[in-house]
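Right, one structure below, let's go through it.
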Amino acid sequence: MATIFSKIVNGEIPSYKIAEDENFFAFLDINPLAKGHTLVIPKTEVDYIFDLDEETYMGLQAFARKIAIALNKAIPCKKVGVAVLGLEVPHTHIHLVPMQSEQDINFANPKKKFSPEELEAIKNQIAKAL
Ligand code: 5GP
């Protein structure tokens with residue numbers, strides 16, 4: 001059965017897509033810790049990041065780097081934090097979280113709420129900075 005993230009890649013489930021290439025996909029997290037919280041995934045369905053083959057792993061990191069650089073330009077923040085948890089969705093994903101302080105990347109925090117219009121605008125801002 002396809003993972004929820006594969007359904008996002010296939011367009012079966014809508015998302016605020018930031019970028020995509022042949023092998024990787026980036027989109028806004030639906031329950032963001034901070035404005036611009038983005039998930040970067042390989043299109044291949046592998047649960048655990050360290051089970052990816054080396055080429056896919058390196059490609060994913062390079063793709064995430066491009067997105068992080070754009071995030072840093074588009075969203076006012078000190079740095080973009082990087083986290084991998086994977087406790088909820090069994091499809092490798094890197095969290096990129098624009099941070100003002102370390103509190104912004106505490107996954108126990110209540111999630112931020114944005115309207116669809118705000119999310120659309122955030123997505124466009126990031127995509128424009130790529
Ligand atoms: P983790 O597996 O790293 O513990 O958490 C999964 C992350 O995926 C969470 O931050 C959650 O908000 C996000 N997420 C789960 N389902 C969806 C979805 O359908 N769409 C989007 N955009 N994000 C999701």
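In each ligand, atom 1 is the first atom listed, and ligand 1 is the first ligand listed. Just so it is clear, the model here is predicted, and its values are computed rather than measured.
- A pairwise comparison of heavy atoms in Met99 and Ile105 identifies SD-CG2, 3.8 Å as the closest pair.
- Ring planes of His37 and His95: tilted class, angle from 30 to 60°.
- Using the six-membered ring where Trp is involved, Tyr57 and Phe50 have ring planes that are tilted, between 30° and 60° apart.
- When all heavy atoms of Thr38 and Ala26 are compared, the pair lying nearest together is CG2-CB, 4.2 Å.
- Nearest approach of Leu33 to Asp104, heavy atoms of both residues: CB-O, 3.5 Å.
- At a heavy-atom cutoff of 4.0 Å, ligand 1 is surrounded by Ile4, Phe5, Ile8, Phe27, Leu28, Asp29, Ile30, Asn31, Leu39, Leu85, Gly86, Leu87, Glu88, Val89, His93, His95.
- Looking at every heavy atom in both residues, Ala64 comes nearest to Ile94 through CB-CD1, 4.1 Å.
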